[in-house]
Peer 1: 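Provided herewith is a single structure, encoded as structure tokens, for subsequent inquiry.
Quick caveat: nothing in here was measured; it's all calculated off a predicted structure. We count residues from 1, following the sequence as given.
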Amino acid sequence: MYKLNNREQASYLSTLFLALFFVLFPWEEVFNVSFFDIPFYLVRIDGLLRGDEAYLSYTFAQWVSSEPLWGKMLLLIGSTFDQPMTGLLIVSFCCIAVFSTLTFSRFNIALGTFFLLNPLVVDLIMSQVRSALSVSILLIAFNTKRRVLVIALVGTAVLIHTIGFVLVTTYVFCHFAVRLEKKFGYRLAALATLAYATLIAMALSIGRAAILEGSGDRRIEYGTDTNSVAYLIFWFALGIALMLTKRDQEAQKTWSDHYAIVVLTLPFLMMALGANGIRFVALGFPLILHALGNRTERIRNILLGALFSYQLVQYYYWFSYS
């Protein structure tokens, strides 16, 4: 029988405690913030239990874009729990458990815990539960070798949230970028990754309305409020730093470097095109930490120090404006 070593035991215990902390801590009361998506989930659960969506008919494209598995999950939560919020918290618990397990597997537990308490990650896990669940399933798929299981997980993720299509496409491109690396070197491959991020930013901003209208998605009416340049420039600079710095020779999962470049630069690029993409930083946070851990020791310490300092600034604004 396999026996866990001390680090594995500490990692799993830390994952359990962090996940419990996430779902039990009164974030909204302490920071006077609102998890805006939660009321919409609860309202939809009531509608599903009344059968409001039972007679809707879709084309195949409309069915996929309607994210049917998320609807089924909400119906299951509403049918199982007297208080549907309990079911949503269980989903959040599972999502942060995935994030922390992947982070602690190759990252200092104390520092990893601090970084996973980033306000962007908190909002993703506790408010944007649908996105968090989709990306958590994809993170499992990205770290699974059995092809049948990978296909099943990917299919599940994209039917929970269509953002999964973007993330899967990005994952595939990142493996292509690793192959480019072997022929042309890291810097040129990283430049190709930035070009890919620019194309995705254009598709998600300029082409977003056409894509949603073509599939009959009602989210064409959603707003496109953007974050400030000052807020986004750090993440963009961190992505550029990953492009320009050397990777440790013993680094593993080098595709995560390219993935991190994409999710770090996307918000700034989308902001320049009039769209909001800050959620991509949170969606890729465990892989951003992996990429930072892949740098040489000196560069790693500088970049982690910068991220640590910036997160303190985020906390300051969280407290100051709460």
Side-chain angles (χ1 to χ4, degrees), residues 14 18 21-22 25-37 92 95-96 99-100 102-104 107-128 131-132 135 194 197 201 224-245 256-257 259-295 297-322:
S14 299
L18 181 60
F21 177 81
F22 254 82
F25 186 80
W27 300 102
E28 292 179 290
E29 290 79 5
V30 171
F31 292 103
N32 193 29
V33 296
S34 296
F35 293 143
F36 293 108
D37 288 357
S92 293
C95 293
I96 190 57
F99 271 49
S100 55
L102 293 176
T103 300
F104 298 157
F107 211 80
N108 176 276
I109 292 175
L111 200 56
T113 298
F114 173 78
F115 286 136
L116 288 176
L117 289 170
N118 186 284
L120 291 175
V121 178
V122 172
D123 184 70
L124 174 71
I125 299 295
M126 299 304 299
S127 179
Q128 302 173 56
S131 299
V135 75
L194 182 60
T224 55
D225 294 337
T226 59
N227 298 100
S228 69
V229 173
Y231 187 70
L232 298 178
I233 195 65
F234 171 80
W235 302 111
F236 185 78
L238 191 60
I240 298 301
L242 287 177
M243 289 179 57
L244 300 177
T245 53
S256 66
D257 291 13
Y259 198 99
I261 291 170
V262 172
V263 297
L264 285 168
T265 57
L266 256 181
F268 186 85
L269 295 170
M270 290 180 66
M271 181 273 298
L273 295 168
N276 190 334
I278 190 61
R279 76 166 64 182
F280 283 99
V281 173
L283 291 171
F285 217 82
L287 296 175
I288 291 171
L289 295 178
H290 272 228
L292 294 175
N294 281 344
R295 302 302 99 184
E297 183 177 3
R298 177 172 171 272
I299 298 299
R300 178 171 64 245
N301 291 339
I302 292 173
L303 295 181
L304 288 176
L307 179 57
F308 187 94
S309 300
Y310 185 74
Q311 189 157 315
L312 291 179
V313 173
Q314 288 179 287
Y315 286 144
Y316 170 77
Y317 280 99
W318 221 14
F319 279 110
S320 298
Y321 294 97
S322 62

Peer 1: Rounded at 0.5 Å granularity, tell me how far CG in Asn108 sits from OG1 in Thr113.
Peer 2: 8.5 Å

Peer 1: Could you tell me how the ring of Phe31 sits relative to the ring of Trp318: parallel (under 30°), tilted (30 to 60°) or perpendicular (over 60°)?
Peer 2: parallel

Peer 1: Show the nearest heavy-atom pair for residues Val121 and Ile96, with the distance to one decimal.
Peer 2: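 So the two residues come closest at CG1-CD1, 4.4 Å.
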
Peer 1: For the residue pair Pro267 and Phe236, establish whether any side-chain heavy-atom pair is separated by less than 4.5 Å.
Peer 2: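 Result no, sub-4.5 Å side-chain heavy-atom pair not found.
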
Peer 1: Checking the side chain of Arg295 only, and the main-chain atoms of Thr245 only, is there a donor and an acceptor separated by less than 3.5 Å?
Peer 2: yes

Peer 1: Which class fits the ring pair Phe22 and Trp27: parallel under 30°, tilted 30 to 60°, perpendicular over 60°?
Peer 2: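 Because their plane-to-plane angle lies in the 30° to 60° range, the rings of Phe22 and Trp27 count as tilted.
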
Peer 1: What's the spacing between Phe107 CZ and Leu304 CG if we round to 0.5 Å?
Peer 2: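 Those atoms lie 4.5 Å apart.
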
Peer 1: So, for Leu303 and Ala241, which heavy atoms are closest and what is the spacing to 0.1 Å?
Peer 2: CD2-CB, 3.8 Å

Peer 1: What distance separates Leu232 CG from Met271 CE, expressed to the nearest 0.5 Å?
Peer 2: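 Between atom CG of Leu232 and atom CE of Met271 there are 5.5 Å.
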
Peer 1: Can you name the nearest heavy-atom pair linking Ala291 to Ser256, along with the distance?
Peer 2: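 Here Ala291 and Ser256 meet closest at CB-O, 3.9 Å.
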
Peer 1: Answer yes or no: is there a side-chain heavy-atom contact under 4.5 Å between Leu283 and Leu124?
Peer 2: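 Answer yes - side chains close enough.
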
Peer 1: State which residue, out of Ile233, Ile240, Ile278, fulfils the side-chain contact (heavy atoms from CB on, under 4.5 Å) condition with Phe268.
Peer 2: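 Exactly one pass, corresponding to Ile233.
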
Peer 1: I want to check something: taking the side chain as every heavy atom from C-beta on, are Phe35 and Val122 in contact at a cut-off of under 4.5 Å?
Peer 2: yes

Peer 1: Are any of the side-chain heavy atoms of Leu111 and Leu289 separated by less than 4.5 Å?
Peer 2: no

Peer 1: Any idea which heavy atoms bring Thr265 and Ala197 closest together, and the distance?
Peer 2: OG1-CB, 3.5 Å

Peer 1: Does the distance from a Lys or Arg side-chain N to an Asp or Glu carboxylate O, for Asp123 and Arg279, drop under 4.0 Å?
Peer 2: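 Salt bridge between Asp123 and Arg279, a charged N being under 4.0 Å from a carboxylate O: no.
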
Peer 1: Any side-chain to backbone donor/acceptor pair from Gln314 onto Asn118? Under 3.5 Å, distance only.
Peer 2: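 Absent.
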
Peer 1: I'd like to check Leu292 versus Leu242 (side-chain heavy atoms, cut-off strictly below 4.5 Å). Are they in contact?
Peer 2: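 A side-chain contact under 4.5 Å exists here.
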
Peer 1: Side-chain contact, heavy-atom cut-off 4.5 Å: Leu18 with Leu117?
Peer 2: yes

Peer 1: Step by step, would you call Leu120 with Phe285 a side-chain contact (heavy atoms from CB on, under 4.5 Å)?
Peer 2: CA-CA 9 Å; Leu120 291 175; Phe285 217 82; 5.6 Å; no

Peer 1: Side-chain contact, heavy-atom cut-off 4.5 Å: Phe280 with Val262?
Peer 2: no

Peer 1: Measure from the ring center of Phe114 to the ring center of Phe308 and say whether it is less than 6.0 Å.
Peer 2: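 Yes, the ring of Phe114 comes within the 6.0 Å limit of the ring of Phe308, centre to centre.
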
Peer 1: NE2 of His290 to OG1 of Thr103: how many Å apart, nearest 0.5 Å?
Peer 2: 6.0 Å

Peer 1: What heavy-atom pair brings Phe104 and Gly112 nearest, and what distance separates the two atoms?
Peer 2: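 Looking at all heavy atoms of both residues, the shortest contact is CE2-C, 3.9 Å.
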
Peer 1: Could you verify whether a donor N or O on one side chain and an acceptor N or O on the other, from Gln128 and Asp37, lie under 3.5 Å apart?
Peer 2: no

Peer 1: Say you draw a straight line from CD of Gln311 to CZ of Phe234; how long is it, rounded to the nearest 0.5 Å?
Peer 2: 9.5 Å

Peer 1: When rounded to the nearest 0.5 angstrom, what distance separates CG in Leu238 from CD1 in Ile261?
Peer 2: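 Spacing of CG (Leu238) from CD1 (Ile261) equals 10.0 Å.
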
Peer 1: Any idea how Trp235 and Tyr310 line up, ring-wise: parallel (<30°), tilted (30 to 60°), or perpendicular (>60°)?
Peer 2: perpendicular

